[in-house]
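Below you'll find the structure, written out as structure tokens, and then a few comments.
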Amino acid sequence: MSDTIAVRPIRLSQRCLKVAPSASLSVEARIGEMRAAGEPVISFGVGEPDFPTPQPVKEAGLEAINQNITKYTPVGGTVALRKAIGAQLKTETGLTFSPSQITVTNGAKEALYLAFQALCDAGDEVIVPAPYWVSYLEQIKLADATPVVIPTSTKTDFKVTPAMLEAVTTPRSRVFILNSPSNPTGMVYTQAELEGLAEWARTNQVLIFTDEIYDKVLYQDDYPRWLNVAPDLADRTIVINGMSKTYSMTGWRIGYAAGPESAIRAMAKIQSHSTSHPASVSQHAALKAYTTDLQSEVATMVAAFRQRRDWIVEALNQIEGVHCLMPQGAFYVFPDFSGVLGRPLKNGTICNTTAELAEYVLDQVKVGIIHGEAFGAPGYARLSYALSLEKIQEGVGRLKEALSAPARS
Ligand code: PLP
């Protein structure tokens, strides 16, 4: 008998079949295979800071292991950690969040997942501005809700306006997802823009999920925060945030949701039957991060990102047919590549979509970019600049070469 598992079809659930795999993770997987085969790939696909976790946080992780802080914690995290998050939220929003209004999750991703599961029913509509972060759509579908996508473009700096929201609002509208700074565009809503959105939100019963995971990766002094603009809507706002991006802690898996107690309790109920809580070691490290002054570590990281952002935006705009806005936050650029579609490139290839373009540049010059289709925005692509300036320069140089017109014979 063979020791490999027989290839027999297994019936998969309808729930699973309606979900698409994460495009960014698939591109990264292909890049991983190419690298393993010795190919010199430069990936602009990365969705995490290329900095180490700050030293005091790493030490707290080790301390947790050595002090046997390695057992179950309460569902939704230790009270000490939830209190520390509450203190941070108080500084940021001026509002008081008690531990029962916060649940700590395995990354912000789980916080969002639980929020959709706990608060959406079949037939509920979730308003998602595009370009959107890839998991929103799939998580909405997993909750049997219906995504209502609002396309945006460079014309509105990839932001939605109250009129755009009004046009899609129905009695079934249940949630509006706000993501500022945005993945994939890096755009940040201004105070005035948020005030407009709040006016719209006040005229209906929609819940607001404000995903603020990039709130500390900012290239401007102020961060207009939803709950500062609309504290009166705190009773139907779920704040989503976490450690992953700010403290370069993607692998520790610490995120949280904060909001009205009934909603958080419902989320924690589902959590209690699924993951219970993030690892106790990670929670201990997270507590250290929230109770230590890490501003200089964060500032060093953001300064490096700023330098790379300035370079990459200028360099991309020098490529014929490419147009790139200057992001105010996160570590992504989202250039418009429509000017290079439909015309012969370097080796005569014609790409008609950015999905084809991403394949072409990966094959031809070993550069990984994520096609805009994955973010609901054909014609664009996402490039992360969470890699060294040298690699960025090399990668953009290769991209420029691949996108150049064929040599005349
Ligand atoms: N929200 C946005 C907009 C993101 O870009 C990400 C990660 O890329 C997440 C949430 C999830 O973050 P985490 O790694 O904490 O689960």
Side-chain angles (χ1 to χ4, degrees), residues 21-28 43-51 53 57 77 81 85 88 102-117 126 128-140 142 147 158-159 175-189 208-218 223 225-226 238-258 267 271 274-275 277-279 282-283 285-286 289-290 305 327-334 370 372 374-377 382-386:
S22 157
S24 46
L25 293 184
S26 322
V27 174
E28 280 300 296
S43 174
F44 290 103
V46 276
E48 59 186 350
D50 55 325
F51 289 82
T53 298
V57 181
L81 179 53
I85 293 170
Q88 167 109 354
I102 296 167
T103 190
V104 185
T105 53
N106 285 277
K109 192 178 259 182
E110 191 195 12
L112 283 157
Y113 180 81
L114 293 171
F116 289 123
Q117 289 291 324
V126 180
V128 192
Y132 46 73
W133 177 52
V134 289
S135 293
Y136 292 145
L137 238 60
E138 308 310 324
Q139 292 196 351
I140 294 164
L142 280 169
F158 297 117
K159 296 175 198 172
V175 177
F176 165 55
I177 302 183
L178 177 64
N179 176 215
S180 172
S182 147
N183 175 6
T185 68
M187 292 298 138
V188 179
Y189 280 82
I208 293 92
F209 292 1
T210 171
D211 179 347
E212 303 179 357
I213 190 89
Y214 294 98
D215 64 348
K216 306 285 185 305
V217 187
L218 265 195
Y223 173 57
R225 200 180 288 276
W226 172 253
I238 308 286
V239 179
I240 306 288
N241 209 329
M243 322 290 295
S244 300
K245 317 289 174 172
T246 305
Y247 303 112
S248 207
M249 289 178 69
T250 44
W252 297 78
R253 309 307 300 133
I254 296 283
Y256 67 81
M267 290 167 65
Q271 197 177 7
S274 47
T275 61
H277 57 75
S282 297
Q283 289 188 51
Y290 278 121
F305 283 151
Q328 296 308 322
F331 40 74
Y332 310 103
V333 281
F334 201 65
I370 315 246
F375 308 96
R382 189 190 78 177
L383 283 79
S384 157
Y385 46 92

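Each ligand, and each atom within it, is numbered from 1 in the order the structure gives.
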What is the closest protein heavy atom to [atom], and at what distance does it sit?
atom	value
atom 12 (O) of ligand 1	Ala108 CB, 3.8 Å
atom 8 (O) of ligand 1	Lys245 NZ, 2.6 Å
atom 3 (C) of ligand 1	Asp211 OD2, 3.3 Å

Taking the six-membered ring for Trp, are Phe209 and Phe116 parallel (under 30°), tilted (30 to 60°) or perpendicular (over 60°)?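 If you compare the ring of Phe209 with that of Phe116, the planes turn out tilted.
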Return a yes/no value for Tyr332: is any of its N or O atoms, backbone included, closer than 3.5 angstrom to an N or O of ligand 1? no
Can you tell me if Gln139 uses its side chain to pair, donor with acceptor, with the backbone of Lys109 under 3.5 Å? yes
Can you name the atoms of ligand 1, numbered from 1 with element, that are less than 4.0 Å from a heavy atom of [X]?
X	value
Asn179	3 (C)
Arg253	13 (P), 14 (O), 15 (O), 16 (O)
Tyr214	3 (C), 4 (C), 5 (O), 8 (O)

To check you understand the geometry: which heavy-atom pair defines the closest contact between Thr250 and Pro49, and what is its length?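 Scanning both residues, the minimum pair turns out to be CG2-CD, 4.3 Å.
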Can you name the nearest heavy-atom pair linking Phe305 to Ala386, along with the distance? CE2-CA, 3.9 Å
May I ask you to identify, for [X], whether its side chain, its backbone, both or neither come under 4.0 Å of ligand 1 on a heavy-atom basis?
X	result
Ser244	side chain
Glu48	neither
Ile240	neither
Met243	neither

Only one of Trp133, Tyr385, Tyr214 forms a ring-ring contact (aromatic ring centres under 6.0 Å, His included) with Tyr332, so which one is it? Tyr214
Would you say Ile213 contacts ligand 1, with heavy atoms under 4.0 Å as the rule? yes
Run Val57 and Tyr247 through side chain to side chain contact (heavy atoms under 4.5 Å, CB included) and show every step you take. CA-CA 9 Å; Val57 181; Tyr247 303 112; 5.6 Å; no
With a 4.5 Å heavy-atom cut-off, do Ser182 and Phe158 have their side chains touching?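 They are not in side-chain contact.
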Working note: Ile213 + Ile240, criterion side chain to side chain contact (heavy atoms under 4.5 Å, CB included); need CA distance, chi angles, decisive distance, verdict. CA-CA 7 Å; Ile213 190 89; Ile240 306 288; over 6 Å; no
